Number of protein chains: 2
Amino acid sequence: MSDSPTPLPDGREMQLVHLLRAVTVEFDLRGAEFAAGHGLHPTDLRALIFLLDADRAGTRATSGRLGAALRLNSAGVTSLVDRLERQGLVRRSRDDRDRRRVLLSVEPKAVDLGWSFFGPLIGRLVDAAAGFTTGELDVVHRYLSAALGAASEPEPAAQTPQGPDAAV
Amino acid sequence: MSDSPTPLPDGREMQLVHLLRAVTVEFDLRGAEFAAGHGLHPTDLRALIFLLDADRAGTRATSGRLGAALRLNSAGVTSLVDRLERQGLVRRSRDDRDRRRVLLSVEPKAVDLGWSFFGPLIGRLVDAAAGFTTGELDVVHRYLSAALGAASEPEPAAQTPQGPDAAV
DNA sequence: GGCTATTATCTCGCTCAGCGAGAGAATTGG
DNA sequence: CCAATTCTCTCGCTGAGCGAGATAATAGCC
């Protein structure tokens with residue numbers, strides 16, 4: 001099967017797939033560069049983004065949820081949070097309702113760091129959207145939502161041996 | 001500066017930024033899952049994708065170019081290629097024109113593996129594009145191209161200490 | 001032709017992210 | 001109150017990727 005099983009036409013749809021992939025690669029590259037430039041690992045940045053998202057959404061982030069989102073086991077999460085705590089980016093605190101849990105809260109330094117990463121990128125992306133009508137942006141929104149749904153579908157008979165929740 | 005410096009309106013443009021980020025996360029997750037399920041590391045998969053792209057484009061991939069694309073130093077590339085070669089996915093061969101170079105060629109097994117990863121994903125993405133007119137897909141294409149350009153711009157005074165080429 | 005500078009890859013030794021196994025502490029349900 | 005479960009942490013280990021330097025081939029200079 002060393003060739004296309006279904007002779008997919010390399011038309012507009014395929015071009016979009018390649019574009020999406022290119023955007024993904026580019027985002028990852030920016031993230032890795034930013035992380036390296038600030039003495040972090042890509043995983044640290046991913047964790048920070050997850051925690052900042054949770055912070056903005058008002059969700060209480062725990063070690064467990066972080067691990068599920070990043071697909072790390074508990075030992076990995078412990079060393080990850082140790083790392084972030086050592087850098088003064090997050091703070092651990094026991095959950096008083098369930099004292100087994102460790103709540104993670106981001107420090108202002110983390111928020112600043114997040115902004116210094118996303119700020120310029122967001123700025124350029126918003127600028128890039130300037131040449132489109134609101135109707136066109138709606139179309140893009142519809143497409144990206146559909147693409148996200150398509151990408152999120154798990155493989156048919158693949159391995160989903162993970163826990164109950166997960167998913168960033 | 002623990003709050004938005006420019007009070008960016010959380011309008012359509014921002015929603016698109018979040019969607020793009022979500023798509024990136026989802027793609028990465030799929031890649032990591034696929035890699036883990038096949039005894040590879042995310043880096044191995046990224047390398048494979050790079051090599052398959054080069055193969056389809058007719059470019060002769062070398063260890064050096066692979067390292068530049070993946071931001072690995074030479075030692076890392078050596079062990080990466082060792083790994084891929086051990087799995088029967090790529091083959092090393094000396095370039096006869098410049099016998100310092102090592103050309104990397106993908107084995108059929110790698111092509112199959114690539115298809116088994118991208119095939120279903122592409123299928124679902126193409127399906128997701130079915131509900132759009134060609135005009136609308138053109139709009140999406142324009143937007144994604146613009147977004148790719150925006151994401152590719154290097155940070156103003158950031159570190160770009162890498163070599164001349166790079167970029168997957 | 002040799003002779004040096006440059007380029008491309010590999011080897012060695014090391015650091016540290018993340019895993020598996022299991023311990024410890026708190027919760028829930030009987 | 002006791003067992004089963006849940007959440008996090010500790011310990012020891014594997015291996016990806018780095019820095020430094022060795023090796024080999026090429027290109028430029030005289």
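Not measured: the values here are computed from a predicted model. Chain A is the first sequence line, chain B the second, and so forth, proteins listed ahead of strands; every chain is numbered from 1.
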Nearest-Å distance for atom pair CZ/P, residues B:Arg97 and C:dA8: 16 Å
Separation of C:dT7 P from B:Asp95 CG (nearest whole Å): 17 Å
side-chain N/O A:Asn73 vs C:dC19 OP1/OP2, d < 4.0 Å: yes
Distance, rounded to the nearest Å, where B:Arg99 contributes CZ and C:dT7 contributes C1': 15 Å
Gap between atoms CG and P, on B:Leu40 and D:dG17 respectively (whole Å): 12 Å
Salt-bridge present (B:Asp127, B:Arg124; N to O < 4.0 Å): no
Test: A:Asp95 and A:Arg97 ion pair at under 4.0 Å: no
Nucleotide C:dG18, atom C1' - distance to CG of A:Leu66 in whole Å: 13 Å
Residues in salt bridge (charged side-chain N to carboxylate O under 4.0 Å, His left out) contact with B:Asp82, at least two apart in sequence or another chain: B:Arg92
I'd like a list of close polar pairs between nucleotides 7-10 of chain D and the protein, N/O only, cut-off under 3.5 Å.
from, atom 1, to, atom 2, distance (Å)
D:dC7, OP1, A:Arg101, NH2, 3.4
D:dT8, OP1, A:Ser63, N, 3.4
D:dT8, OP1, A:Val102, N, 3.2
D:dT8, OP2, A:Gly64, N, 2.7
D:dC9, OP1, A:Arg92, NH1, 2.8
D:dC9, OP2, A:Thr78, OG1, 3.3
D:dC9, OP2, A:Arg92, NH1, 3.3
D:dC9, N4, A:Ser74, OG, 2.3

Result of checking B:Val81, B:Leu84, B:Thr62 against B:Leu104 for side chain to side chain contact (heavy atoms under 4.5 Å, CB included): B:Val81
Distances for protein N/O vs nucleotides 14-17 of chain C N/O pairs under 3.5 angstrom?
from, atom 1, to, atom 2, distance (Å)
C:dA17, OP1, A:His41, NE2, 2.7
C:dA17, O5', A:Arg83, NH1, 3.4

Residues A:Asp98 and A:Arg101 bridged, charged N to O under 4.0 Å: yes
Polar side-chain atom of B:Arg60 near backbone of B:Leu103 as donor-acceptor pair, under 3.5 Å: no
Residue pair B:Arg21 / A:Asp53, side-chain heavy-atom distance below 4.5 Å: yes
Residues B:Arg91 and B:Glu85 bridged, charged N to O under 4.0 Å: no
Spacing of B:Leu80 atom CG relative to D:dG15 atom P, expressed in whole Å: 16 Å
